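Structure first, then comments.
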Amino acid sequence: MTELADREWRLIRDDPRDGATQMALEEIAAERALEDDVRTVRVYSWEPSTLSLGYRQDAASVDWEYCDREGIDVTRRQTGGGGIYHDRYADISYTIVAPADEVPGDLMDCYALFCEPILEAFDRMGVDADFAGAEQASIYYPSCYLRDINPAHDVVAPASVEGEAGKISGNAQYRQRDVVIQHGSLSYDLEPERHVGVFDPEDDLEPETFVDRVTSISEQAGIDREEAVETLGDALADWCDAHEGEWRADELERADDLAERKYGTDAWVRDREVLEAAGRER
């Protein structure tokens, strides 16, 4: 249990939602942390399937026709890195939200703290996972899972087998309104055709390239997805002594509004035009 456990935390085992709403809810959780002194950890999935672009990612790297044909939404994260394909089955996502003055100011120290429950969850699942022991060069820069592997925030498995570990989780942070928000993706299963299909077809990226670099919980441990999701939620709750919670009605309303104004718009997704919830440029 972290030293942050003496504060008020809630665990939200969230419903599947569209990508724009999922990103908006992180901003709403940040508001709640500042205004009501309530911190949030949550586990969630995406429906419909969604490609989340890194904050500075070029929209030209996306195969928009493929995404439209396959019914894959596209949104843009507040964090950097490459694009990630998310869905309701192969991906398990989480968020941690806390006031910035309560957590380490050093980015690496904060990563280490916030990834404690993620590594604990892998251990409970029976997955031999840990931060990457060394950097690995980028294979394909537009894709988060195929970018360079960073020991500070990328988790690989099996960690104890040198030279054979594949990326199993990516984690990223950003700070907004004096709040630290960390989110991450855990690979439960592989969807290599979709992970590479969402990107520019002229790059000739093959699904085998993804399979060679990435592994999954199902491959490493063989547990079912429901158990994996429950285990991750339990590990997050135990880490900060969170009570079981849910979104308030007004939070969901504000998230819907922010998703419509920002995360679901072409201005944000394609052009990275930054807007406040009220529509003001920031």
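Note that this is a predicted model, so its numbers are computed, not measured. If you read the sequence from its start, that first residue is 1, and numbering goes on from there.
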*asked:* I'd like to know if the side chain of Asp128 and the backbone of Ser160 have a donor-acceptor N/O pair within less than 3.5 Å.
replied: yes

*Can you hop from Trp239 to Val43 via hydrophobic side chains spaced under 4.5 Å?*
yes

_When you compare the side chain of Pro201 with that of Tyr66, does any pair of heavy atoms fall below 4.5 Å?_
no

*Within the side chain of Thr2, is there an N or O that forms a donor-acceptor pair under 3.5 Å with the backbone of Ala5?*
no

*Report yes or no: is the cationic atom of Arg147 (NZ for Lys, CZ for Arg) under 6.0 Å from the centre of the six-membered ring of Tyr141, at an angle within 45° of the ring normal?*
yes

*Run the ring-centre check on His183 versus Tyr94 and record whether the distance is less than 6.0 Å.*
no

*Going hydrophobic residue to hydrophobic residue with side-chain gaps under 4.5 angstrom, can you get from Ile223 over to Phe122?*
yes

*Assess the pair Trp46 and Tyr89: is the distance between their ring centroids shorter than 6.0 Å?*
no

*asked:* Using the side chain to side chain donor-acceptor pair (under 3.5 Å) definition, which of the options Ser143, Ser49, Ser52 pairs with Tyr85?
replied: Ser49

_Contact between His195 and Val214 at the side-chain level, heavy atoms closer than 4.5 Å - yes or no?_
no

*Ile72 reachable from Met23 in the ILVMFWY side-chain graph, under 4.5 Å edges*: yes

*Do the non-hydrogen side-chain atoms of Val229 and Thr231 ever get within less than 4.5 Å of each other?*
no

*For atom CD of Glu260, is the number of surrounding heavy atoms from other residues, nucleotides or ligands below 6.0 Å larger than 12?*
no

_Check this for me: Glu3, atom CD, are more than 12 non-hydrogen atoms of other residues, nucleotides or ligands nearer than 6.0 Å?_
no

*Measure across Ala132 and Ile149 and return the closest heavy-atom pair with its distance rounded to 0.1 Å.*
CB-CG2, 3.5 Å

*When rounded to the nearest 0.5 angstrom, what is the spacing between CG in Leu25 and CZ in Arg42?*
5.0 Å

_No-hydrogen, no-angle side-chain donor-acceptor test under 3.5 Å, Tyr145 and Ser185_ = yes

*When hydrophobic residues are tied together by side-chain contacts of less than 4.5 Å, even through go-betweens, does Leu205 share a cluster with Val74?*
yes

_Distance, nearest 0.5 Å, that separates OG1 of Thr50 from CG of Asp73_ = 5.0 Å

*What are the two closest heavy atoms between Cys110 and Val180, and how far apart are they?*
SG-CG1, 4.1 Å

*When the ring planes of Tyr111 and His153 are compared, do they come out parallel, tilted or perpendicular, using 30° and 60° as the limits?*
tilted

*Is Leu119 linked to Leu236 within one hydrophobic cluster, defined over Ile, Leu, Val, Met, Phe, Trp and Tyr using a side-chain heavy-atom separation of less than 4.5 Å?*
yes

*Do the side chain of Ser187 and the main chain of Thr215 share a donor and acceptor less than 3.5 angstrom apart?*
yes

*Does any donor atom in the side chain of Ser93 or Asp91 lie under 3.5 Å from an acceptor atom in the other side chain?*
yes

*What distance do Asp14 atom CG and Thr40 atom OG1 have between them, rounded to the nearest 0.5 Å?*
10.5 Å

*asked:* Any carboxylate oxygen within less than 4.0 angstrom of a Lys/Arg side-chain nitrogen, looking at Arg76 and Asp271?
replied: no

*What residue among Asp250, Leu258, Asp256 forms side-chain contact (heavy atoms from CB on, under 4.5 Å) with Arg254?*
Asp250

*So, are Lys262 and Glu273 salt-bridged, with charged N and O less than 4.0 Å apart?*
no

*Can you tell me how far CD of Glu191 sits from OG of Ser216, rounded to the nearest 0.5 angstrom?*
10.5 Å

_Gln78 vs Arg175, side-chain hydrogen bond (donor to acceptor under 3.5 Å, both in side chains): CA-CA, chis, key distance, verdict_ = CA-CA 9 Å; Gln78 291 279 15; Arg175 296 187 179 228; over 6 Å; no

*Might you point out which heavy atoms bring Val196 and Glu206 nearest each other, and give the distance in Å?*
CG1-O, 4.0 Å

*Please walk me through it: do Gln182 and Asn171 pass side-chain contact (heavy atoms from CB on, under 4.5 Å)?*
CA-CA 7 Å; Gln182 177 167 309; Asn171 310 277; 4.1 Å; yes

*Measure from the side-chain N and O atoms of Asp200 to the backbone N and O of Glu202, and report whether any donor-acceptor pair falls under 3.5 Å.*
yes

*Taking the side chain as every heavy atom from C-beta outward, state whether Ile139 and Thr209 have any atom pair closer than 4.5 Å.*
yes

*Backbone N or O of Gly83 within a donor-acceptor pair of the Arg77 side chain at under 3.5 Å?*
no

*Evaluate side-chain contact (heavy atoms from CB on, under 4.5 Å) for Arg10 paired with Arg39, printing each intermediate quantity in order.*
CA-CA 6 Å; Arg10 61 177 175 174; Arg39 298 138 200 84; over 6 Å; no

*Would Arg17 count as a cation-pi partner of Tyr44, with NZ or CZ less than 6.0 Å from the six-membered ring centre and within 45° of the ring normal?*
no

*In plain terms, say whether Glu65 and Arg69 are close enough for a salt bridge, that is, a side-chain N and a carboxylate O under 4.0 Å apart.*
no

*When you look at Trp268 and Arg261, which way does the side-chain contact (heavy atoms from CB on, under 4.5 Å) test go after all the steps?*
CA-CA 9 Å; Trp268 170 254; Arg261 291 178 180 272; over 6 Å; no

*Heavy atoms only: give me the nearest Ala129-Ala159 pair and the separation to one decimal.*
C-CB, 4.0 Å

_Asp238 and Arg124 ion-paired at < 4.0 Å_ = yes

_Are Glu251 and Glu31 packed together at the side-chain level, in the sense that at least one heavy-atom pair is separated by less than 4.5 angstrom?_
no

*Is there a side-chain contact between Gln136 and Arg213 (heavy atoms, below 4.5 Å)?*
yes

*With distance as the sole criterion, is a donor-acceptor pair present between the side chains of Tyr263 and Glu27 under 3.5 Å?*
yes

*asked:* Side chains of Ile96 and Ile181, heavy atoms from C-beta outward: is any pair under 4.5 Å?
replied: no

*Say you draw a straight line from CZ of Phe114 to CG of Leu4; how long is it, rounded to the nearest 0.5 Å?*
6.5 Å

_Less than 6.0 angstrom separating the ring centers of Tyr140 and Phe199, yes or no?_
yes

*Give a yes-or-no answer on whether the side chains of Ser61 and Gln57 include a donor-acceptor pair shorter than 3.5 Å.*
yes

_Nearest 0.5 Å, please: how far is CG in Leu53 from OG1 in Thr79?_
10.5 Å

*Taking all atoms of both residues into account, what is the closest heavy-atom pair of Ala59 and Val269, and its distance?*
CB-O, 4.4 Å

*Given Leu51 and Ile84, is the side-chain contact (heavy atoms from CB on, under 4.5 Å) satisfied, shown in steps?*
CA-CA 6 Å; Leu51 169 64; Ile84 308 175; 5.7 Å; no

*Min side-chain heavy-atom separation Cys67-Val62 under 4.5 Å*: yes

*Flag the pair Asp234 and Arg13 as a salt bridge only when some basic side-chain nitrogen lies within less than 4.0 angstrom of an acidic carboxylate oxygen.*
yes

_Show the nearest heavy-atom pair for residues Ala228 and Ile92, with the distance to one decimal._
CB-CD1, 3.9 Å

_Stacked cation flag Arg270 on Trp64, 6.0 angstrom / 45 deg_ = yes

